[in-house]
Each structure stands twice: as structure tokens, then as C-alpha cells.
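Report on the following structure.
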There are 2 protein chains.
Amino acid sequence: MAVTLADVAARAGVSSATVSRVLNGNYPVAGSTRERVQRAVAELDYVVNGQARALAAATSDLVGVLVNDVADPFFGLIASALQAEVGVGAAEPGGKLTVVCNTGGSPEAELTYLTLLERQRAAGVVLTGGAVDSPAHSTAVLARLARLAASGTRIVLCGRPALTLPGESAPLTTLAFDNHGGARRLTEHLLSLGHRRIGYVTGPPERSTTGHRLAGHRAALAGHGMGPGTDAGADADQLIVHGGYDRNAGFDATLELLRRDVGVTAIVAANDTVALGVCAALRDRGLSVPGDVSVAGFDDLPFSADASPALTTVRIPLQEAGARAGRLVMGRTAPPPGGVATIATELMVRGSTAPPATRRS
Amino acid sequence: MAVTLADVAARAGVSSATVSRVLNGNYPVAGSTRERVQRAVAELDYVVNGQARALAAATSDLVGVLVNDVADPFFGLIASALQAEVGVGAAEPGGKLTVVCNTGGSPEAELTYLTLLERQRAAGVVLTGGAVDSPAHSTAVLARLARLAASGTRIVLCGRPALTLPGESAPLTTLAFDNHGGARRLTEHLLSLGHRRIGYVTGPPERSTTGHRLAGHRAALAGHGMGPGTDAGADADQLIVHGGYDRNAGFDATLELLRRDVGVTAIVAANDTVALGVCAALRDRGLSVPGDVSVAGFDDLPFSADASPALTTVRIPLQEAGARAGRLVMGRTAPPPGGVATIATELMVRGSTAPPATRRS
DNA sequence: AAGCTGAAAGAAAGCGCTTGCTGTACGCCT
DNA sequence: AGGCGTACAGCAAGCGCTTTCTTTCAGCTT
């Protein structure tokens, strides 16, 4: 049915080995022969069978990327940039296809997709966000990754905690986001505006990012003498609500915060999506942003600049990170020394934060 | 290096054919033998080589989806739902990996990825949005699709114009969005609010969607006696600005519309992203939405409900469409009769549209 | 003119799997 | 008891390519 190498060879009057060599250009072929072969290829509209090639040459044209959900702009931006980097002019030899796997944050799905990618002998795998910090899961993932690495699959972690393979000294290649620093600067910004009662809506507890951002927030408070041991920090826990990474979590958490009646003048959200929910809840209760309560997010997703008021947030250069992960997984770039590179984050001050309303006590 | 079928066979004391049969479960194997094989598989941690399997069985575990850009929520939602549908419990036999290809709307990229997918002998291909309505391109794409179809690759078009393979009577399986109807109802909504001067910012001219939406808009106007031939429709062209699908296009187009000073009381945008730009431009000029000018979008992307004011728009059930495309491309669902199914759109009335401000003439 | 070199082409052995066909041994029928 | 059908299991032939090793042959050297 389909045209094969042999067909092309027959038409060009050469052996299939020669055709293969013309196609791959890694062996001397006389100019005239090359031309004849190329003509035959064009005439027959021959397209190499990637599976046969992969089997024979023990290579693969696939790169996998594990994301929570590619519909989430956070992951979409990473995946998009990665794909652009990996796909290269696409026809170019070495250009690879990107397999997107939505894990939904489920450890089982993550393992399953890892197996599927191993089955396809993927050339590389990029793991993003979704890490669930359970030791059991980490162990299982590590086992899979160890086998992948052993079989030559390049592995890159992007925005998730560094992982060290058993028996290795350096961790796997990792692009870590500076969540801690970003969160710290964000809270410092609020403090410098004069806020002293700052609510905080966390992300899902099992996500490592959640902890890092919260820690940054606390570091900022501590730096202003509002640490846990201090007077000002006495009811610090009351200002924190545990949420999740979606809009509704922000909405509900905000209602809870208001119910506690702790007098917040600002609320920091786990990320921009949550911040949207926070704003919605505040408006729902008749409070204006930032007139009554300032709101800040994290990630600087595209919609954040267009929200009204525009959201003060912390920018993570997701596209740069995705592109860099792409280069790393293709082996076009050397891994950072020590395996781990930290991606800087940047405070974006916009309209959703302002000094607290002056009120008589 | 890697564990092969033969290794498992040796360990289980059977032939590799038997191992293959146990793995595929498509041939009778005695219970005791099956068990022994399964134990060997587990002990050796065997993972089948997908490429070898694909070559031998002439099957593939890949499904490709061509999108403009997966970072764009419009495509991200489709891709995500598609992936979820196609990936099935993932381990399940028949679960396929989704290859995401960003074409950036470029015809060449589209062709290149189609070739790449043919090379991998993809089991199916879903083409979304990005169609550029140039005849040359259509012809080239058709040629590629014809070959793919001939080799058994299932093809589904999602949100792009139906295409008929040369020599075929029925078009390829297509999920078409009812852009025309949605746009018509949207404009009718504005008309019924009392708007008579309605600006329109189009999408990119080469996109088929652009034409359909604009046609729907015009149909609504015509239905209210405001067609091109009428008095009211005399300067209809002045009310239309040609734009693109991004925020800046909306911003610039709006400024242009205001510059023309045609007295618009409402602006319909090509899509939600554009609408965001429209709102930004209006605010930039000191106009309030919907106080001074009503604004409407299209697509009902997730951020639209959270914009403030919340955006009146036309909902396209992108996730349903993606999931359905997934089922079709997997052959789990029969194609719609006639090949083409139209996906209904729904008017979502929210806060960004209101009756025009009463003004003395 | 014989021998050598090196470039170019071919033969053929796999890569790891599936599957049609060929055994083989058992149970069952008559 | 002899012949058959049935249920498994194995053999071996590919799937379409890459790549090692061999062969061929033109062009030089001495």
C-alpha cells in the first residue's frame, strides 16, 4: 500500500541502502546518484516510516511533556514555548513532535504517562508543575525516571522540586521558579504600602509551590517584625486560609476570611486564578478593589494585566522557561552547573494594590 | 540493554510469540502459562517497545492535533478535552498519546506537521481552527489529507470549514461551530437593547471564522431593516474595522472606530480576547463599559465571566467539541450523517452590554 | 603493467515485535 | 480403540528501516 524505501530504490535503480543514505546524508553518495534518488522520492511522494526508522536506529522523534492541564494558561504557555523550541522548522532533521499529557495532578496518571512515554522510547521528557509531594509517589516516579534516564531519555523538570536519582550525586536537570523570593517581594510591597493585616489564600497543601510561596510571604512578615513570635504575628494563622488553585477556592476562602472578621486590608492569593475568585468574592460582599481591600496574585498570566483593576502579581517567565526546557531536553543546551537553575520572578505592581484606606481606629 | 520480549520469554520458559499473546490478549493462552508470563513481565519490569509493535502490527499510538497555539485558551480547551478523551485511563489498550502541533496559523507549518504525523503513521489527526482560506493551501492540505486517509489515518476537522477529498462525495468528518447563528443572536441582543449604531471589529481576513461571524452580524442587521441598501445601513462599512484575533487588534481597532466618530453605542468584537482590547481602549479614552459603550465578545473563554464587567459573549462548547473530536478520531463514535455536525453556540448575556445611554439628539 | 588506495554502492543482518501457519497433546466421539 | 476436533504453543516470516561489512571499480603510484 504505502510507498517504501524499496520502492524508491527500485525506481531509482539503486539499493535501498543507498536511498537511506541519501535521505540521512550521513554517508558519501555520488552527486548523480543522489539526484536520481531524490527525483524518485519526489515522484513517489515518499514519506519515511518513522517507526521503522526509530526501531532500526534506536532513536525517537517524540518528546513528552507532563502538565496538569494544558488548558490552564500556566501550563499552556510552557507547553507552547516548549513545542515551538522542540519542533524547529519541523522539517529540519532533529525536529521532534511534542506529546502533551494532562495528568490532572494525579500521581497515577503521571506514572501511567511516564510508562507510555517509555513505551514509545521518547527522546525526552519534561515534567512540569503537577508534583505531588508524597514520598511514595516521588519514589515511584524516581524509579520510572531512573529507567528512562538509563535508556537515554533526557529528563527535565520545570517548575517542580529538584529530584535526585538514586545513586547519583547531582539532581536531575531542573528549572526551578523562585516562588519564595517572588512571594516575599510581593508581601513586602504590600507592607511598604502600609498594609499590616494581610490575608493569604494558599494553594493546594500537597503542592510544593504552595509551601514555597507561603514561606516567602512569612519571611516578608518576619522581616518586618511580624513573625510568629511577635505581637503583630500573634494571630497570624487566622490570616491564612487554605485553598486550591482554582477560582472557586479563592472565592470561598475570601468569604471565610471575611467571616473571621480579622480586619484584612489586603489579600494575597496563591495565584492569579485564585485572585480572580478573591476579587469576585470581595465585590460580591460590596467591597471594592483596591479601595477597601488590595488583592495580589501570582504567575502573571495573560489575563491578569487585563483584569480590572489590573492585577498586581509576580511574573514567572513561563515562556522563557518552556523554551529553555525545550533546549535542554533536546540537548541543545548544557544543563546548568549543579543541575538546578533558578528562574527569577518579577514583581508586577498594577492597579489592584493600593495603600490601605485610612480609617480611625 | 533494555528488556525485550525474548528476555521475558526466556524467563518464563515460553516462546516470544506466547508472551506477545499474553500481552495482547487476543489469542487463547492457558491460565498457568499466562500467569507465568505475567510474573516474568513484572519481575523484569518489561515495557513493550511501541515502535517495534507499531511496525509489526501496522498500528500507531499517536493522535495528532493541529492548533494555532495551545497557549491560547480557545485551542487549549479543545486540546485538553481531546487529550483526556483520547488518553483514556491511559494504560488501557487503545489509549493514545496526543501530539500537539502549534502551527501559528502558518500554512507551511500546517503542511509540515501533517507530513511529520504521516511519518509517524499517526492513528488519527484532528485539525482545528487555523485554516487559512487560500485555495492553494487548501489544495496542498487536501493532498496530504487524502494520503493520510488512504493509509487509514482518521481525520477530524474541528471548528474549521468542511473539506471534501477529491473523488469523494461526502466531506471529511467535521465539527463546525455555529458562528453565523451565534453572531446573529448576539447582534440581535444588542438591537433589542436599543442599540442602532453597532461597531464591529473583525478577526483576521483570511480566517473563515471571521467571515461567518461577520455574516451573522450583518444578517441580524438586515433582519432589522438595517441592511446595506437601507438608510440605516448606508454607512455600514464605517462601523466595521478589520482587526485580528489578539488583544492589541481590538485596542487599535477601537481607537480607529472612535476616531471615525460614527457614534457607536456598542461594539462587537471578533472574539473575547479582542473584546478585552476593546474595553481597554474605551477605558483608555475615558469611556465606561457598558455605561457609554456596550461591548460583546465571542467564544466565552474562561476569563470572560471574570472580567469586570463580565463579558457578554457567545459560548462555544469547546470542551465538548474537543471531547467529541477525540471520540471521532478514535473511531469510538460514528461520524455524523453527511460528515458534518454543527455545534450549537449559546448567547451569554452578562454585564458588558446594557441599553444605550439616553441622549438628546 | 601490476598493485594499491579510497570512494561509492550493495548485500544482508538485524532492530523488537506480531501473526499465519504448523505442530502437539489431550479429550471426546462413535 | 482409533480417529478427530480443540486448545495451546512454537516456528519463522516478515514490518521498513539503518548500518556494518564486503565488493566493485576508477584512478594513482612506482
Side-chain angles (χ1 to χ4, degrees), chain A residues 1-38 40-41 44-62 93-94 116 118-123 151-152, chain B residues 1-38 40-41 44-62 93-94 116 118-123 151-152:
Chain A
M1 179 88 238
V3 180
T4 72
L5 249 205
D7 298 331
V8 177
R11 173 142 197 149
V14 298
S15 73
S16 59
T18 301
V19 178
S20 169
R21 297 203 260 247
V22 169
L23 258 30
N24 294 307
N26 51 8
Y27 193 87
V29 174
S32 61
T33 312
R34 179 194 319 282
E35 233 170 67
R36 206 143 29 91
V37 169
Q38 283 170 337
V41 166
L44 295 175
D45 233 345
Y46 171 73
V47 174
V48 65
N49 182 323
Q51 304 170 324
R53 164 182 291 181
L55 179 59
T59 62
S60 163
D61 283 341
L62 300 179
L116 245 36
E118 179 176 359
R119 183 181 289 185
Q120 297 299 324
R121 305 296 189 263
S151 71
Chain B
M1 180 87 236
V3 180
T4 74
L5 248 206
D7 298 330
V8 177
R11 173 138 194 155
V14 298
S15 74
S16 59
T18 299
V19 178
S20 169
R21 287 172 181 142
V22 168
L23 257 30
N24 294 308
N26 50 7
Y27 194 86
V29 174
S32 61
T33 312
R34 179 193 321 279
E35 230 169 69
R36 207 142 30 91
V37 169
Q38 283 168 338
V41 166
L44 295 175
D45 234 344
Y46 171 72
V47 174
V48 65
N49 182 325
Q51 304 170 324
R53 163 182 291 180
L55 179 58
T59 62
S60 162
D61 283 342
L62 300 180
L116 244 35
E118 179 177 359
R119 184 182 287 187
Q120 295 301 322
R121 304 295 188 263
S151 71

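Numbered from 1 within each chain, the chains take letters A, B, ... in sequence-line order. These figures come from a predicted structure and were not determined experimentally.
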Notebook entry, point to check: Between atom CG of A/Asn24 and atom CZ of A/Arg53, what is the distance when rounded to the nearest 0.5 Å?
Noted result: 5.0 Å
Next item on the list: Check whether any side-chain N or O of B/Ser15 sits under 4.0 Å from OP1 or OP2 of D/dA9, and answer yes or no.
Entry: no
Check: Is any side-chain N or O of B/Tyr27 under 3.5 Å from a base N or O of D/dA9, one able to act as donor and the other as acceptor?
Finding: yes
Next item on the list: Please name the pair of heavy atoms, one in A/Leu55 and one in B/Gln51, separated by the smallest distance, quoted to 0.1 Å.
Entry: N-OE1, 4.2 Å
Can you give me the N/O atom pairs linking the protein to nucleotides 16-18 of chain C at distances under 3.5 Å, or say none if there are none?
{"residue": "C/dG16", "atom": "N2", "partner": "B/Ala52", "partner atom": "O", "Å": "3.4"}
{"residue": "C/dC17", "atom": "OP1", "partner": "B/Tyr46", "partner atom": "OH", "Å": "2.1"}
{"residue": "C/dC17", "atom": "OP1", "partner": "B/Asn49", "partner atom": "N", "Å": "3.3"}
{"residue": "C/dC17", "atom": "OP2", "partner": "B/Leu5", "partner atom": "N", "Å": "2.3"}
{"residue": "C/dT18", "atom": "OP1", "partner": "B/Asn24", "partner atom": "ND2", "Å": "3.0"}
{"residue": "C/dT18", "atom": "OP1", "partner": "B/Arg53", "partner atom": "NE", "Å": "2.9"}
{"residue": "C/dT18", "atom": "OP1", "partner": "B/Arg53", "partner atom": "NH2", "Å": "3.4"}
{"residue": "C/dT18", "atom": "OP2", "partner": "B/Ser20", "partner atom": "OG", "Å": "2.5"}

Item checked: Residue pair A/Thr4 / A/Asn49, side-chain heavy-atom distance below 4.5 Å -> no
Notebook entry, point to check: With no hydrogens and no angle check, is any side-chain donor or acceptor of B/Ser16 less than 3.5 Å from a backbone partner on B/Leu5?
Noted result: no
Notebook entry, point to check: Is a side-chain donor or acceptor of B/Arg34 paired with a backbone partner of B/Val22 at a separation under 3.5 angstrom?
Noted result: no
